[in-house]
Amino acid sequence: MLMRTDPFRDLDRLTQQVFGTPARPVVMPMDAWREGDEFFVEFDLPGIDPDSLDLDVERNVITVRASRPELDQSRSMIAAERTRGEFSRQLFLGENLDTEQIRADYTDGVLRLTIPVAEQAKPRKIEVARHNGKHQAITA
């Protein structure tokens with residue numbers, strides 16, 4: 001049986017395993033969801049020194065940076081699949097979130113961001129005025 005080979009297939013597979021894909025990055029996987037008036041984002045960052053975590057917010061973009069120390073070169077490694085060095089990820093937040101009130105917590109290798117919905121974006125009732133059948137002019 002004749003098999004067609006693609007010399008770049010293995011390279012593509014290795015690249016996806018190491019660097020991930022745009023849909024599923026390997027370096028800083030995350031989950032995001034909404035509960036009531038808050039959004040939550042969790043990043044898996046095992047083995048990260050909390051002092052190396054850095055979060056910046058500029059307008060509606062939050063940047064998360066972290067670093068994992070390089071391996072001890074004197075070790076004879078059998079497998080080294082965890083990403084080392086500095087890495088970052090950016091999230092583009094909607095205008096309806098209150099970036100002034102973001103809270104961050106790092107527990108058991110998981111960085112959790114809690115982002116409240118801005119007051120002006122929360123649903124609200126609008127009262128309808130009732131008049132006794134008379135037409136009123138609306139002035140601007």
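Just so you know, these numbers come straight off a predicted model, no measurement behind them. Hydrogens, waters and symmetry mates are skipped; everything else that's a heavy atom, side chains included, is used.
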Tell me, do Glu42 and Met30 make a side-chain contact under 4.5 Å, heavy atoms counted?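 The answer is no, as the side chains (C-beta and beyond) never meet within the 4.5 Å cut-off.
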
How about Met28 and Val64: do any of their side-chain heavy atoms sit closer than 4.5 Å?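 Yes. Closest side-chain heavy atoms under 4.5 Å.
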
Over all atoms of both residues, closest heavy-atom pair of [X] and [Y]:
X: Leu45; Y: Arg68; answer: C-NH2, 4.4 Å
X: Leu71; Y: Arg84; answer: CD2-NH2, 3.0 Å
X: Tyr106; Y: Gly47; answer: OH-N, 4.3 Å

Suppose the criterion is ring pair (Phe, Tyr, Trp, His ring centres under 6.0 Å): which pairs have a residue in residues 29-79, not counting sequence neighbours?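 Every pair satisfying ring pair (Phe, Tyr, Trp, His ring centres under 6.0 Å) with a residue in residues 29-79: Trp33-Phe40.
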
Verdict with reasoning, Asp105 to Leu111, per side chain to side chain contact (heavy atoms under 4.5 Å, CB included): CA-CA 6 Å; Asp105 178 59; Leu111 174 65; over 6 Å; no

Are any of the side-chain nitrogens in Glu38 or Arg103 under 4.0 Å away from the carboxylate oxygens of its partner?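 Between Arg103 and Glu38 there is a salt bridge, with a charged N closer than 4.0 Å to a carboxylate O.
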
Going by side chain to side chain contact (heavy atoms under 4.5 Å, CB included), Ile115 matches just one of Asp98, Ile62, Leu93. Which one?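 So the option named by the test is Leu93.
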
Would you kindly confirm whether Val57 and Val61 end up in one hydrophobic cluster when ILVMFWY residues are joined by side chain heavy atoms under 4.5 Å apart?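 They do not share one cluster, since no chain of ILVMFWY contacts under 4.5 Å joins Val57 to Val61.
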
Taking Asp54's backbone N and O only, do any of them form a donor-acceptor pair with Arg65's side chain (distance below 3.5 Å, no angle check)?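 Flag not set: sc Arg65 to bb Asp54 has no pair under 3.5 Å.
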
Audit row: Leu91, Val41, side chain to side chain contact (heavy atoms under 4.5 Å, CB included) steps and yes/no: CA-CA 10 Å; Leu91 293 177; Val41 182; 3.8 Å; yes

Pair Asn60-Glu95, side chain to side chain contact (heavy atoms under 4.5 Å, CB included): steps then yes or no: CA-CA 7 Å; Asn60 65 335; Glu95 298 291 332; 3.5 Å; yes

So Ile102 and Leu97, side chain to side chain contact (heavy atoms under 4.5 Å, CB included) or not? Walk me through it. CA-CA 9 Å; Ile102 295 175; Leu97 298 177; over 6 Å; no

